[in-house]
Amino acid sequence: MPSACDPVIEDIEDMVSSTDPTPHERQSARKNIIPRPKKKKELLNDEELQADSVIPGMQKIWMKTWGCSHNNSDGEYMAGQLAASGYKMTDDPAEADLWLLNSCTVKNPAEDHFRNSIKKAQEQDKKVVVAGCVPQAQPRMDYLKSLSIIGVQQIDRVVEVVDEAVKGHSVRLLGQKKEGGRRLGGARLDLPKIRKNPLIEIISINTGCLNACTYCKTKHARGDLASYPIEELVKRVRQSFQEGVCEIWLTSEDTGAYGRDIGTDLPTLLWRLVEQIPDGAMLRLGMTNPPYILEHLGEMAKILNHPRVYAFLHVPVQSASDSVLMDMKREYCIDDFKRVVDFLKERVPGVTIATDIICGFPGETEEDFQETLELVKLYRFPSLFINQFYPRPGTPAAKMEQVPAQVKKQRTRELSQLFHSYNPYDHKVGEMQHVLVTEESFDAQYYVAHNKFYEQVLVPKKVEFKGKMIEVEIYEAGKHFMKGRPVEDSKPFNPSIAAPLQQGEVSGLIQEQSVRGTSGSSSILIGCFSVDREALKKLGIGLAVAAALLAFIIDKLY
């Protein structure tokens, strides 16, 4: 076995064989270990004793995730696997033995925070494992030397990497998952997970994209499009609702491109998923680029009008100048974007269109920027993500002639001022709305709910509202939110078909839960199936046998 001083091990297969115990086997075996005190003559010297005392799976881990909802979902999966293997996840970085840092490479500031966190961990003598798009895209960066790395398609092996890291070894897993020569979407969707919010399930429907935008570093990390099969996504949605989730977020680098690599498309997937959504629960679509939504506008309008789907779509425009869009290689013109927005606004009354804009892209003239301002004035987007351009290393845009920094800042300020000059929700004061309550506000004074159009509504912080659909009257409107008071004599509706998992509880394991519709009787949740505990007792079947039988049945059915 290599020592802590050995060079970086490029692949964990050099250390872990198929005959080694799995994390679950290891955790189970610990319960049967009886410590035996050593005789004095058997004692090793202090250094050897300390090395031998490192038992993987006993440490505390703090995890930090930056970036998009896809990255957050990856982080939830990694936390779930580590907890299921015996590690304790902690919210306190100071008490942690190891820091797991899940990075984002979209903008320079995000990578700066990531790099600074690595330095801080090393100053505190913490073990460090890095994951996410930064090390996947640039594993040879100086500040990543000697660190263990989990690639974006290797999150299902986080336990193995962390096991070696706590022992002082460095392991790097950066390979691509393939089957039959085809690139796979990534790790399995049925892995253990700890949801940051037990009421919200974030599901990656594909990884990578079909674009080659000149400014994008994420493409270097996530690669080309690779979609998950529809049946796997349906099973994950079904399991999520069986675990008490009431809201599903679909995510990827480009949801609109879903299925083009496996002979299907986004509307086909969405109609299958809608069938799984209980009354009162909601589905939120992720970001889609204009080129891949144009041919599906009719079906997308029907889906967004569905009562269990938020009438919300995130369509990044980036610039309203065709010249800039061409330099970005965005593969659409501004008229294509307008066609998407105009069609959906006409066919989906009240629809929320969120968009992104980059200020100061290389070559952007003042005339180009004025076109972008006019677009915002025309549509008055209620949700607008404004980004000052940052050249990312290794991208074509980084080699282009740059707009002066002061000009980029000035344009960013001007666009921000325009965005804050209008209030999109003032006309909604006095409306009655049904909203789904899923979160707590940052100041902890309210619960956060969303209406049909995924507009944020703050409601009184009453525990009986959490996870429920309630009716409210809007009495105040701000720039980014509304405030609603519950309508008298209106009862909260519970969309969950099972009791939600507790905060920090691991999804995908055998759970005892109270399932709605069973008159309060307790059932056992095995995978995504609810099994009556009393029925098992009468049949003389134990949980382990029931789990094995269900696994066999599921494998045959699906």
Has M326 got more than 12 heavy atoms of other residues, nucleotides or ligands less than 6.0 Å from its CE?
-> no

Can we say R195 and E243 salt-bridge, meaning some charged N sits less than 4.0 Å from an Asp/Glu carboxylate O?
-> yes

Please answer whether the main-chain N or O of Y310 pairs with a side-chain N or O of R284 as donor and acceptor at a distance below 3.5 Å.
-> no

Return the minimal non-hydrogen interatomic distance between Y332 and P316, and the atom names on each side.
-> OH-O, 3.3 Å

Test ring pair (Phe, Tyr, Trp, His ring centres under 6.0 Å) applied to Y447 and F465, step by step = CA-CA 8 Å; Y447 276 152; F465 291 165; 7.7 Å; no

Would you indicate whether K196, at its atom NZ, is surrounded by more than 12 heavy atoms from other residues, nucleotides or ligands within a distance under 6.0 Å?
-> no

Mark yes when over 12 heavy atoms from residues, nucleotides or ligands other than D443 sit less than 6.0 Å from its CG; otherwise mark no.
-> yes

Whether H314 and F385 hold their rings parallel, tilted or perpendicular, with breakpoints at 30° and 60° | tilted

Decide yes or no on salt bridge (charged side-chain N to carboxylate O under 4.0 Å, His left out) for K428 and E455, but give the supporting numbers first.
-> CA-CA 11 Å; K428 298 202 173 190; E455 295 162 338; 2.7 Å; yes

Spell out, as yes or no, whether a donor-acceptor pair under 3.5 Å connects the side chain of N71 to the backbone of S103.
-> yes

Determine yes or no for a side-chain-to-main-chain donor-acceptor pair under 3.5 angstrom, with S252 supplying the side chain and T207 the backbone.
-> no

For Q502, does the CD atom sit with more than 12 other heavy atoms under 6.0 Å from it, leaving out its own atoms?
-> no

Under 3.5 Å, side chain of N451 to main-chain N/O of F453, donor-acceptor pair present?
-> yes

If you look only at distance, which donor and acceptor atoms sit under 3.5 Å apart when one is on a side chain in residues 472-492 and the other is two or more places apart or in another chain?
unit_1, atom_1, unit_2, atom_2, d
K479, NZ, F419, O, 2.3
K479, NZ, Y422, O, 2.6
K483, NZ, Y446, OH, 3.1

Examine K107 relative to Y390 and say whether NZ or CZ is less than 6.0 Å from the centre of the six-membered ring and inside a 45° cone about the ring axis.
-> no

Once the angle between the rings of Y454 and F312 is folded into 0 to 90°, is it parallel (under 30°), tilted (30 to 60°) or perpendicular (over 60°)?
-> tilted

Distance-only criterion, 3.5 Å: show the donor-acceptor pairs between side-chain atoms of residues 392-402 and protein atoms not counting sequence neighbours.
unit_1, atom_1, unit_2, atom_2, d
R392, NE, T105, O, 2.8
R392, NH1, N108, OD1, 2.9
R392, NH2, T105, O, 3.3
R392, NH2, T105, OG1, 3.0
R392, NH2, E111, OE1, 2.5
T395, OG1, R392, O, 2.6
Q402, NE2, A397, O, 3.0
Q402, NE2, M400, O, 2.7

Note, Y258 side chain near D265 side chain (heavy atom, < 4.5 Å) = no

Is E366 salt-bridged to R411, going by a charged N under 4.0 Å from an acidic O?
-> yes

